[in-house]
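Input: a single structure, listed below in structure tokens.
Order of listing sets the numbers, starting from 1, for every ligand and every atom in it.
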Amino acid sequence: MDIQVRHATDRDGAAIKTYLTDLRAEAPDTLRQRPPPGPGEIESWLASKLALDRSFILAAFDSGAVVGLLDLQAGQRSDNRHVARFGVSVGRASRARGIGRKLIECALVEAKAWPELCRVELECVSWNTSGLALYQSLGFEIEGIKRKGVNFRGQPEDDVFMAMVW
Ligand SMILES: CC(C)(COP(=O)(O)OP(=O)(O)OC[C@H]1O[C@@H](n2cnc3c(N)ncnc32)[C@H](O)[C@@H]1OP(=O)(O)O)[C@@H](O)C(=O)NCCC(=O)NCCS
């Protein structure tokens, strides 16, 4: 496997748009359903993330194509600056090859170097067994279950809150 993980920049808009178009068309039941990216949507999203302090998007590339994305952002106020939150996805054809793990490990190395940061958190639907196994194996712990907190599959189901603190 020759996967490169690096920060996404404003020059990656087209590759990210292709990736997200495919992911949204797949519509995995572990993610909120979203329409295909509209004109300018990805460019504005990238620009808004890149403009923030303590925020980054990591992209995994395979032969120039984006095959995974991780979006991490720390709180922007003095009362939540010590907390970061992320979301991650890997394209269907590239799953179970260690890319999700690699993205999260890279993100943790970078975020753990930020002054004051001492918590990284995430949210994951309760039926996402591969995601839950991955997060737990990296040291995230379940803090709580928001019972019937999401409706991704036609009925209210549980949402899981996980975090790592140090
Ligand atoms: C969840 C997701 C990001 C994991 O990424 P991935 O690249 O497939 O995961 P990895 O290959 O790095 O797997 C790491 C671990 O996940 C677990 N895992 C992965 N695939 C699994 C599967 N099919 N069944 C059970 N566990 C699995 C294992 O614990 C694995 O550990 P290992 O490295 O010791 O084998 C990916 O499946 C995905 O994008 N799913 C759809 C979108 C989504 O659900 N995003 C997360 C929302 S919270």
Next item on the list: Check the angle between the aromatic planes of Phe56 and His7 and answer parallel, tilted or perpendicular using the 30° and 60° thresholds.
Entry: parallel
By side-chain hydrogen bond (donor to acceptor under 3.5 Å, both in side chains), Thr30 pairs with (sequence neighbours left out) none
The side chain to side chain contact (heavy atoms under 4.5 Å, CB included) partners of Ser137 (sequence neighbours excluded) come to Arg101, Leu134
In chain-and-number order, ligand 1 lies under 4.0 Å from a heavy atom of each of Thr30, Leu31, Val88, Ser89, Val90, Arg95, Ala96, Arg97, Gly98, Ile99, Gly100, Arg101, Glu123, Cys124, Asn128, Ser130, Gly131, Ala133, Leu134, Tyr135
Would you give me the side-chain donor-acceptor pairs under 3.5 Å for residues 31-43, sequence neighbours excluded?
| from | atom 1 | to | atom 2 | distance (Å) |
| --- | --- | --- | --- | --- |
| Glu41 | OE1 | Gly38 | N | 3.0 |
| Glu41 | OE2 | Arg24 | NH1 | 3.0 |
| Glu41 | OE2 | Arg24 | NH2 | 3.0 |

Requested in this report: Give a yes or no on whether the backbone of Tyr19 and the side-chain of Asp22 come within a donor-acceptor separation of less than 3.5 Å.
Outcome: no
With distance as the sole test, does Ser126 use its side chain to make a donor-acceptor pair with the main-chain N or O of Asp158 at under 3.5 Å?
-> yes
